[in-house]
Amino acid sequence: MYEHHSTDLSVTWLGQTMPGCLYNASGVWCREESELEAVRQSAAAVISKSATLAPREGNPEPRYCQTPLGSINSMGLPNRGFAYYLDYARRYDYLCGKPLFLSLSGMTLEDNCEMLRVLSEQGLPAIPEVNLSCPNVPGKPQLGYDFAATAAALDAFDRAYSGLYGVKLPPYFDPAHFSAMADILNRHPRLAFVTCINSIGNGLVVDVESESVAIKPKDGLGGLGGDYVLPTALANVREFHRLLPGKEVVGCGGVKSGREAFMHILAGARAVQVGTCLYHEGPAAFARIAAELAQLMRDKGYRSLDDFRGKLRVL
Ligand code: RRO
């Protein structure tokens with residue numbers, strides 16, 4: 001006699017419960033309202049393309065390339081401008097139970113603070129995820145690799161914004177860097193979550209047949225996503241989950257089936273974003289990955305994400 005329990009993928013955090021754990025990685029399927037609405041229909045939450053104050057065309061094409069192991073991109077922050085995503089956030093159906101996150105990536109600290117002030121004044125339920133890690137604007141280093149500048153930026157965000165917010169971090173590769181960044185983040189109680197990771201910046205994909213780089217900007221350098229980044233993403237999720245008690249970690253990097261989503265949650269992720277796989281498969285990826293995750297959980301006897309979140313074993 002089998003007992004049948006339903007498998008529950010819902011996630012309660014930031015004072016709300018969302019119906020599942022999967023949503024898009026910022027940058028993918030989220031530049032236009034039609035794309036954002038398609039994500040809202042098929043995922044458990046929505047995040048918009050990183051916004052600058054003014055609209056941007058982004059870098060010259062080709063600027064995205066799929067490879068057998070993932071992707072390389074140097075989009076260069078193409079977006080409709082903050083006012084467009086703010087207008088979407090004003091009209092968003094918050095009662096659908098799917099949180100709306102707004103990714104902000106101002107060209108300057110003052111631009112980020114300006115966008116945060118406007119959001120604060122509007123009092124919308126949309127939650128900012130400030131991007132500290134865009135690798136693709138020529139001449140602009142990733143803020144998250146400059147610890148002093150990150151510390152100053154977070155102090156300014158606290159003054160500009162009165163609610164809970166998150167940051168999108170670049171991948172780190174050394175325990176000294178995990179710990180230095182965690183010490184900075186822990187000084188900010190309203191920093192409620194970190195999303196780990198952005199693409200691994202400034203990789204180079206080479207095509208042997210044409211003896212050429214794969215994308216045009218920065219002589220071929222671009223951010224890596226997909227299979228290339230999964231172990232790096234998991235390391236960042238696990239380390240920040242350990243080092244940031246009371247904060248949440250959103251996993252992002254290399255999720256293409258229920259198995260990678262499971263790995264991120266086991267490493268400590270509260271929710272999981274899908275980037276490269278969503279780019280290649282479209283929003284149908286969410287239902288497929290969720291079904292695979294639910295099946296894997298049933299096989300293991302888990303009924304909710306709380307049963308295994310952060311319970312990765314060490315030897
Ligand atoms: O638009 C981009 O080139 C881009 C951004 Br803002 C980012 O944060 N991460 C990425 O891989 N591409």
Side-chain angles (χ1 to χ4, degrees), residues 23-32 35-36 47-67 69-82 84-85 101-109 111-112 115 128-146 149-150 153 165-172 193-205 213-230 232-233 236 250-256 273-280:
Y23 60 113
N24 64 308
S26 179
V28 184
W29 220 282
C30 60
R31 233 152 83 197
E32 304 294 326
E35 298 173 317
L36 291 158
I47 186 166
S48 54
K49 170 65 185 173
S50 286
T52 49
L53 269 180
R56 285 172 59 88
E57 292 284 352
N59 291 337
E61 296 184 335
R63 59 193 186 179
Y64 183 97
C65 180
Q66 179 176 1
T67 77
L69 291 175
S71 63
I72 184 168
N73 88 84
S74 183
M75 306 301 289
L77 218 29
N79 77 93
R80 295 281 219 147
F82 176 64
Y84 179 89
Y85 303 106
F101 298 88
L102 293 181
S103 175
L104 306 178
S105 193
M107 301 303 287
T108 65
L109 173 57
D111 286 2
N112 275 331
M115 292 187 277
E129 180 189 273
V130 186
N131 186 355
L132 303 183
S133 45
C134 174
N136 299 331
V137 177
K140 282 215 150 261
Q142 291 159 82
L143 193 68
Y145 288 143
D146 182 334
T150 295
Y165 66 99
V167 292
K168 178 79 165 274
L169 296 176
Y172 299 96
F193 68 93
V194 298
T195 302
C196 299
I197 57 173
N198 208 316
S199 55
I200 295 183
N202 298 291
L204 187 64
V205 167
V213 301
I215 55 175
K216 176 163 175 168
K218 293 174 72 172
D219 289 348
L221 296 185
L224 303 177
D227 297 353
Y228 297 114
V229 314
L230 175 64
T232 297
N236 279 260
V250 178
C252 181
V255 175
K256 63 178 182 184
Q273 298 178 345
V274 185
T276 295
C277 172
L278 171 61
Y279 193 108
H280 298 152

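All ligand and atom numbering here is 1-based and tracks the order in the structure. Worth saying up front: this structure is predicted, and the values here are computed from it rather than measured.
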Could you go through Y228 and I72, starting from their C-alpha distance and side-chain angles, then the distance that decides it, and tell me whether this counts as side chain to side chain contact (heavy atoms under 4.5 Å, CB included)? CA-CA 10 Å; Y228 297 114; I72 184 168; over 6 Å; no
Report the nearest protein non-hydrogen atom to [atom]: residue, atom name, distance rounded to 0.1 Å.
atom                   : result
atom 9 (N) of ligand 1 : N198 OD1, 2.8 Å
atom 4 (C) of ligand 1 : N136 ND2, 3.7 Å
atom 5 (C) of ligand 1 : C134 SG, 3.5 Å

Verdict with reasoning, V130 to M115, per side chain to side chain contact (heavy atoms under 4.5 Å, CB included): CA-CA 10 Å; V130 186; M115 292 187 277; over 6 Å; no
Looking only at heavy atoms, is any part of N73 under 4.0 Å from ligand 1, and if so is it the side chain, the backbone, or both, or is it neither? side chain
Backbone, side chain, both or neither: what part of V137 comes under 4.0 angstrom of ligand 1, heavy atoms only? neither
Check whether any heavy atom of [X] sits under 4.0 Å from an atom of ligand 1.
X    : value
K49  : yes
G223 : no
S105 : no

Validation row: S50, K168 side chains within 4.5 angstrom (heavy atoms): no
Are the side chains of T232 and I197 in touch, meaning some heavy atoms are under 4.5 Å apart? yes
Near K256 NZ, under 6.0 Å, is it more than 12 heavy atoms from other residues, nucleotides or ligands? no
Short side-chain donor-acceptor distance under 3.5 Å, E129 and T195: yes
Name the orientation class of the two ring planes belonging to Y279 and Y64 (parallel below 30°, tilted from 30 to 60°, perpendicular beyond 60°). parallel
Indicate the ring-plane relationship of F193 and F101, choosing parallel, tilted or perpendicular according to the 30° and 60° boundaries. perpendicular
Taking atom 3 (O) of ligand 1 as the point of reference, which of S74, S71, G76, S199 owns the nearest heavy atom? G76
If you take the nearest heavy atom of each of I72, V28, N131, L224, which one is closest to atom 8 (O) of ligand 1? N131
So, does Y145 use its side chain to make a donor-acceptor pair with the main chain of P170 at under 3.5 Å? no
Any idea which atoms of ligand 1 are less than 4.0 Å away from a heavy-atom of [X]?
X    : result
P135 : 7 (C), 9 (N), 10 (C)
L77  : 1 (O), 2 (C), 3 (O), 6 (Br)
P78  : 1 (O)

